[in-house]
S.K.: 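Sharing a structure, written as structure tokens. Questions coming.
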Amino acid sequence: MTRGPASSLSAGLSGTPAQGRGDGGRRRPRQTAIGLTLAAAIATAWLAIHIGGIFFWKWTPAGILPAAVLILIQAWLSTGLFIVAHDAMHGSLAPGRPRLNRLVGTVALGMYAGLSYRRLEPKHHLHHRHVGTADDPDFSADHPRSAPRWFLSFFGTYYTHAQIGRITIVAIAYMLLGASLLNIAIFWALPALTALLQLFFFGTYLPHRHDEEPFADKHRARSTRVGPILSLLTCYHFGGYHHEHHLSPGTPWWALPAFRRSRAPASVRS
């Protein structure tokens with residue numbers, strides 16, 4: 001997988017094409033600061049709901065609706081943890097700092113669902129290298145139009161016995177500390193599974209499915225036609241700006257709308 005060029009990185013940050021290698025280099029600290037700040041905010045909010053729900057939530061009839069709201073928020077935050085790790089895989093979380101990217105990505109995937117960063121990173125680069133083909137681990141060449149069948153293939157590719165083992169160990173530790181299995185399932189397993197569906201449907205199936213509309217180029221990806229707010233809420237811009245991500249993998253999730261604006265004709269931007 002090739003890293004996004006400096007010009008793409010700078011365009012994603014500033015909304016204008018880069019004016020040379022030095023310009024992109026000067027923007028690296030800013031991109032790192034923004035990326036790590038957003039990652040910390042997502043992780044902090046996720047931990048607050050995770051710890052509060054698993055260890056302190058008391059079930060009452062009046063608490064069912066608030067719990068449902070927290071589960072939806074936690075699912076969105078879980079999606080965010082995966083997106084943080086995804087940016088780390090591309091080096092766009094902290095440009096030029098591979099160890100930091102690897103550390104943050106490893107922690108984010110572990111929090112989300114006990115996933116292995118070391119295992120997922122090469123698979124994701126294969127996705128970009130062979131997008132929409134039988135060699136793409138995210139794609140179902142046998143079922144390019146069927147979301148349910150494609151999802152089963154997608155699930156089998158990324159979820160392993162080792163992951164289940166890690167989750168089981170943490171769950172046992174939680175129960176030894178006084179947590180109930182019900183709360184673990186409700187405030188960790190359920191949001192993680194909901195986020196998986198969200199990541200698959202908005203971030204994989206809709207952008208890469210085959211239908212009557214042809215793909216625009218070799219990336220075999222399309223951006224879902226939704227506004228920026230809905231794009232953020234569904235999959236942190238990896239639905240509404242998925243084609244832009246494939247055009248510039250080095251642009252972080254939060255800068256994808258600016259990257260699109262930078263590519264628009266001047267008459268449209270004005």
Side-chain angles (χ1 to χ4, degrees), residues 1-47 77-112 115-131 136-138 158 199 203 218-219 221 223 231-232 235-238 240-263:
M1 171 63 212
T2 57
R3 305 292 183 190
S7 59
S8 296
L9 168 60
S10 183
L13 290 169
S14 66
T16 58
Q19 298 301 316
R21 186 172 298 175
D23 184 55
R26 287 195 300 271
R27 297 181 187 281
R28 281 186 171 190
R30 177 175 178 266
Q31 178 170 335
T32 300
I34 294 174
L36 292 179
T37 298
L38 291 172
I42 292 169
T44 300
W46 186 93
L47 280 171
L77 293 170
S78 296
T79 301
L81 288 175
F82 189 93
I83 297 302
V84 167
H86 168 272
D87 273 8
M89 294 175 191
H90 285 291
S92 61
L93 176 67
R97 305 184 68 179
R99 291 183 179 178
L100 181 57
N101 280 308
R102 192 178 306 115
L103 173 62
V104 175
T106 298
V107 172
L109 288 181
M111 291 169 62
Y112 163 50
L115 290 165
S116 168
Y117 182 87
R118 182 181 299 178
R119 186 173 186 271
L120 263 64
E121 183 182 24
K123 285 183 176 290
H124 186 66
H125 292 317
L126 283 174
H127 163 64
H128 277 263
R129 189 175 298 122
H130 304 291
V131 61
D136 177 358
D138 288 6
Y158 288 101
L199 287 161
K218 65 180 181 180
H219 295 291
S223 296
S231 174
L232 173 64
C235 202
Y236 291 77
H237 296 318
F238 278 93
Y241 298 85
H242 201 88
H243 185 231
E244 285 76 9
H245 166 61
H246 277 265
L247 290 172
S248 179
T251 299
W253 66 267
W254 48 268
L256 287 171
F259 175 74
R260 176 185 287 176
R261 290 194 298 272
S262 75
R263 300 180 68 247

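As the structure is a prediction and not an experimental result, all values here were calculated from the model. Values reported hereafter were calculated over all heavy atoms of this structure, with side chains retained and with hydrogens, waters and symmetry mates removed.
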S.K.: When rounded to the nearest 0.5 angstrom, what is the spacing between CG in L109 and OG in S116?
M.R.: 8.0 Å

S.K.: Taking all heavy atoms of L77 and all of W46, pick out the closest pair and write down the distance.
M.R.: CD1-N, 3.7 Å

S.K.: Return the CG to CG distance between D136 and L126, rounded to the nearest 0.5 Å.
M.R.: 8.5 Å

S.K.: Is there a donor-acceptor pair closer than 3.5 Å between any side-chain N or O of Q31 and the backbone N or O of S92?
M.R.: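 Yes; judged by distance alone, with no hydrogens or angles, the pair exists.
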
S.K.: Which value, rounded to the nearest 0.5 Å, describes the distance between Y241 atom OH and L232 atom CG?
M.R.: 10.0 Å

S.K.: Under 3.5 Å, sequence neighbours excluded: what are the donor-acceptor pairs made by side chains of residues 79-87?
M.R.:
from	atom 1	to	atom 2	distance (Å)
T79	OG1	A75	O	3.1
T79	OG1	Q198	OE1	3.3
H86	NE2	H90	NE2	3.4
H86	NE2	H124	NE2	3.0
H86	NE2	H245	NE2	3.1
D87	OD2	W253	N	3.0

S.K.: Check V131 against H219 and note the closest heavy-atom contact, atom names and distance.
M.R.: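 It is CG1-O, 3.1 Å.
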
S.K.: Working to the nearest 0.5 angstrom, can you tell me the gap between S231 OG and F238 CZ?
M.R.: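 Separation between the atoms: 9.5 Å.
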
S.K.: Where is the tightest heavy-atom contact between A33 and T37, given as atom of each residue plus distance?
M.R.: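 Heavy-atom minimum between the residues: O-OG1, 2.7 Å.
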
S.K.: Nearest 0.5 Å please: distance from the NE2 atom of H237 over to the CZ atom of R260.
M.R.: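 Rounded to the nearest 0.5 Å, the NE2-CZ separation comes to 10.0 Å.
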
S.K.: Please give me the minimum heavy-atom distance between L120 and M89, naming the atom from each residue.
M.R.: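 For L120 and M89, the tightest heavy-atom pair comes out as CB-CE, 3.7 Å.
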
S.K.: Report, as yes or no, whether the 6.0 Å neighbourhood of atom CZ on R118 holds more than 12 heavy atoms from other residues, nucleotides or ligands.
M.R.: no

S.K.: Checking side-chain contact (heavy atoms from CB on, under 4.5 Å) for the pair Y112/L199: CA distance, chi angles, key distance, verdict?
M.R.: CA-CA 12 Å; Y112 163 50; L199 287 161; 4.1 Å; yes

S.K.: Show which side-chain atoms of residues 94-104 pair as donor or acceptor with protein atoms under 3.5 Å away, not counting sequence neighbours.
M.R.:
from	atom 1	to	atom 2	distance (Å)
N101	OD1	A94	N	3.0
N101	ND2	A94	O	2.9
N101	ND2	R97	O	3.1

S.K.: Closer than 3.5 angstrom, by distance alone: can the side chain of S223 be matched with the main-chain N or O of H243 as a donor-acceptor pair?
M.R.: yes

S.K.: Looking only at heavy atoms, what is the nearest atom pair of Y117 and G105, with distance?
M.R.: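 Scanning both residues, the minimum pair turns out to be CD1-C, 3.5 Å.
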
S.K.: So H246 and H242, would you call those rings parallel, tilted or perpendicular, with 30° and 60° as cut-offs?
M.R.: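 Aromatic pair H246/H242 classed tilted.
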
